[in-house]
Amino acid sequence: MDDLPLAKRLVDAVISDFPDHQPGTRPVHTIGIGVEGCFTASDVARNYCVAEHFGGEPVKVSVRFSNGSGSPKQHDGWSDVRGMATRFHLKDGAATDLIAMTLGEFFSRNVDDFFAFTAAARQTPVGRESPWRKILDMLQLVLPFPDPYPGQTQSGDAGTLGYANQHRFAQLGVFQAGSIGAPVSYVRATYHAVHTFVVTDPDGIRRNVRFSWQPVAGVRTYQRTDPLQPDQYLQQELRERLAQWPARFMLMMTIGEDGDAIDDPTLPWPAKRVRVVMGTLTLTKVADDQAAAAEHISFNPCRLTPGIEASGDPILHARRDAYEESRIRRGGIACPFSGGPSNAK
Amino acid sequence: MFKPADVQGNILRGYRKSRVRYLMLEVTDRAAARRWLAACTSGGGVPQITTEEPWITKPVTCFNIALTWEGLRALGASQRSLDTFPIEFRDGMAQRAVKLGDVGPSAPENWPAPFDQPKRIHLIATIYADEIAQLDGVQQQALAGNSGFNLLGRRDGFNFNDNYVHFGYHDNISQPKFAEIHDVESLPDAQPVAPLGTVLLGYQSNFEGLLFKVPEPEPLGLNGSFNAFRVLQQDVAGFEAYLTTAANDLLAHPKLDELLPPGAEAKIGQGLSRHAALREVVAASFCGRWRNGVPLALSPDTPHPSPEVDPTDFDFVGDSRCPYGAHIRRSNPRGGQIVQRVANHSRRLVRRGLPYGPAYYPEKPDSEERGLLGNFIGANLGAQFEAMSCDWLNLGLQDPRVTGSNDPLIGANDPATSWFDISLKSGATIRLRGLPRFVQTRGGAYTFLPSLAAIRYLGALTS
Amino acid sequence: MPSSPTSNLTDDRSWFDRFVDRLPQTGIMKFVAARILVPYWAWRYPVQKQPGGPPFSIQPGDNVQRMMNLVMPLKDKSAVGRAIAALAIAQNVDEIYAGLDNVGTVHFARFVIVDNNICMMSVYDGDFTNYIRDFIATIGSVFDAVVSLVEGGDDVIPSEHNIEKFIDWVHAHDMYQVPDLATGILRDQEALKGDTAQTGNDDLRLLPRDLILQLNVNTNVSLGSGYRAYPGYSAAQVRRQFGIGW
């Protein structure tokens, strides 16, 4: 793998944004919880994609919900992007992964942008803005800097804001991430896979698509103006919820048209694109062995299966080796990439 | 009141000259330009405007002019008058790029000179002749001395092969026929006679009861017309290559025998292989006519029907075998069923054009630029040319069976998503995919074709 | 007024901190913001009015199921005026339905009276001008009847003889569609100024102010392009798919 130096640099760059990162853990999305369930494709999914899990037979899944931060300190209530990584368990020990997050777009178009972004996102000390400064902001109709959370002494927000101010393609991601808040539950948020994939239908027709998980329970978020939630509330909430009843997500697949950004993860697609319901994910219980289900398991956005291919998105491609590098560093379990050379890009 | 002597001659009929030259001119001296305009209608030392008056003997050369909105402004038309012109004309073709599908390589940012500075194009003078020397002569006469104009660029067209265009189709078959005039040279057109307001301002249009605004003052607007002048580059190599690819795919298609029964290739051309016959079937399906001009609606199985057919006498009703997405059907659905029921026959255009660039020989491929210099004339750009371009040619809104696809010949196709359905006799279709964009726009302008009275009015302006 | 967050788990703010944090919610600050700050900043940084209707696009999904949100202020702003407007529609229901059927590209349309405005909200396919023009061709007389009740409407009727002017007038009364994505409004404002650069010297913290100033000139707006349950299909495609003829 001659990309390894790049992968190493990518992982190092990400870790550099979290000074208290602990070796042996994921560089981002460190805190997570593993959940079990099953996915059943809709009756039309097979018309768009020949992949095994869209064939209609229920498929076991392993899901890991996570907080975006790379710090080992868990603060579920702090405004943060959340992640949902899903592994579909296919026949004969094969598997395919779909990695999604609550932000609908990324900050960087390519690897160079990404290095610049992570450099800018280094944490800097934060304190409460002086009230006089806040009054001045109000007089200018400017959004004041949010007060830091209790115990929060550092933040990357100032750096990412500076980066976004200079780079228009990053503005949407930074703006939305800044106001994303904390979901009421891991299963009450919409997760986007962001990158474009290419699916092949039974007639051999290929389509550019993007996937999203839509929560059947609906989206509900705590805002920064709501009372702060306890540090571990999300994992507790999930255990209580799934003990009572299962949680469901709908897999929505949006079909891109010519002119849409295929290889640019900073640009979400308009809501006016054809949207296909590909199936329902039912989460039934929090996994008993969290060490295996939340720590050792290693997802990879390029772990695909025949019927699904990666687009030319440079960030998607870079993630393949970066995730492998991260897995090796923390001793995660290897899982073979299924399919043939088409998935080994 | 329609008077042939008041209307420029290139609107209601074609001159059937084999060469054309377009001169893109910029007004540099307003007073001199005005004198020039006055002179070209009154026998002065500049080329004279050819009118619609019937000829006794055909003139050696013909000469006409067209003005952009910037040109009217440069000539000193009053702001009040300029404001009475339609907004799309004021914007200019370059501003309407997305609406017309001029994106990517066709985008105005990529247009070569002089079209890269659209606001400087004020007047487009057109010379029609049969010999290059004659074109040169008229050009010299037009720009001699202090004409008041600066020549920004020119484009030459040449009917290199008896009305066949670069993609190999026989063009110029159907044109609207107008009730008020009798043009002895035109091919008889079997479509309903078009009201004069299809092309001329101030007359009843195709829409019942609707009258397009005649720009003011009346001498300026009445009997005028609007034109979308387009320089359309044709990728002949790409087109022929796609026909080959499509024929290869069709040879392997399960419905091949329904599309081309064994032996039917002989009806398409003597000695043609099945592959070559399929190429012609695809080419005919794209256009709606076989390459020799015979319409698919009349003769779906052979370009040589017996008895012969009138290539203009057909409609898209009943069991027409012309694909719904074919070029001539998209651009003029005639009486066929369309979603916008009121719009049948309402977006008709007068098309005048000549190919440019050398003929393409597949044995000796080259990278010369070639294509069509097209003029799409109507009384209202928004209601006719633009309406047809954005909803019918691209998007295909007029028929749900083609909605979401673009015109196969000239649409803004992207191979990743483009498609076209070929019709089979049973009503089933075979879908072709991966069509690239064969025609790129390399320039153009929205122009106003003034009447003779309007030219005199502009020539007489003082301010 | 963007409000400052409060953190009340461990509240170590001084009384002044707490006062300032609460300030945006107070009546006096709202008054100052609306009556003094907004006019001042609108004068300092004038913002152009954004055009109404959906933006031009080459993509099929963007060209079907487009929203028109037409707001037309009535001349007679009394209950009588509203009743006359209501009757003008009620008496022409047949014409309107026939017209909508024949235009063929309309999914949904409704007339709504809000305060003293008669509004038409519709979902249509294809180009806006074609839609209105085909409408004029079929139900021009109904348009004339309704528009004659609207401020400024007399200039554009009879619609059949003022096609271009009528279309422009309708376009001017169609609401600006604030982009779906939060930073889209910045791109729209840049586009009006002809600024298409990929990098800039912006200040994202000014986004709320940019929004406020835009809403100061575009007072009636559509928030986003709207939700669609089955995006990407024309009215005729839907009818054909259900086998009810098109």
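Throughout, a chain's letter reflects where its sequence line sits, starting with A, and its residues are numbered from 1. This one's a predicted model, so the numbers in the text were calculated from it and none came from an experiment.
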key: Among C:N130, C:V103, C:T105, the one residue meeting side chain to side chain contact (heavy atoms under 4.5 Å, CB included) with B:Q340   =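 One option only clears the test, and that one is C:T105.
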[atom2] on [Y] to [atom1] on [X], rounded to 0.5 Å:
X      : Y      : atom1 : atom2 : answer
C:I163 : B:L211 : CD1   : CG    : 7.0 Å
B:L397 : C:Y131 : CG    : OH    : 13.0 Å
B:Q398 : C:S234 : CD    : OG    : 10.5 Å
B:W392 : C:D127 : CH2   : CG    : 12.5 Å
C:Q237 : B:D399 : CD    : CG    : 9.5 Å

Is it the side chain or the backbone of [X] that comes within 4.5 Å of chain C heavy atoms, both, or neither?
X      : answer
B:A387 : both
B:F207 : side chain
B:I338 : backbone

Any chance [atom1] of [X] has more than 12 other-residue heavy atoms, nucleotides or ligands included, within less than 6.0 Å?
X      : atom1 : answer
B:Y203 : OH    : yes
B:Q337 : CD    : yes
C:Q241 : CD    : no

Contacting moiety of [X], where chain B heavy atoms sit under 4.5 Å:
X      : answer
C:T129 : side chain
C:V238 : neither
C:N102 : both
C:S159 : neither

Which of [options] touches chain C most, by non-hydrogen pairs under 4.5 Å:
options                       : result
B:G396, B:A343, B:G382        : B:G382
B:I87, B:V103, B:L210, B:D414 : B:L210
B:S405, B:G209, B:P86, B:A412 : B:G209
B:G404, B:S346, B:A383        : B:A383
B:L100, B:N394, B:V98, B:T417 : B:V98

key: Contact listing (chain B partner; residues 132-140 of chain C; heavy atom under 4.5 Å)   =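 The residues closer than 4.5 Å to chain B, in numerical order, are C:R133, C:D134, C:I136, C:A137, C:T138.
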Pair C:E164-B:N380, side-chain donor/acceptor within less than 3.5 Å =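 There is such a pair (donor and acceptor under 3.5 Å, judged by atom type) between the side chains of C:E164 and B:N380.
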query = Shortest non-hydrogen contact from C:I58 to B:G101?
reply =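 That would be CD1-CA, 3.3 Å.
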request  = Measure across C:G126 and B:L395 and return the closest heavy-atom pair with its distance rounded to 0.1 Å.
outcome  =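 That closest heavy-atom pairing would be CA-CD2, 4.2 Å.
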ask   = Who wins among C:A235, C:G61, C:G104 for the most heavy-atom pairs under 4.5 Å with chain B?
value =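 It is C:G104.
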inquiry  = Could you walk me through whether B:R401 and C:W246 satisfy the side chain to side chain contact (heavy atoms under 4.5 Å, CB included) test, starting with their C-alpha distance in whole Å, then the side-chain angles of each, then the deciding distance to 0.1 Å, before giving a yes or no?
reply    = CA-CA 11 Å; B:R401 294 164 286 209; C:W246 57 272; 3.3 Å; yes
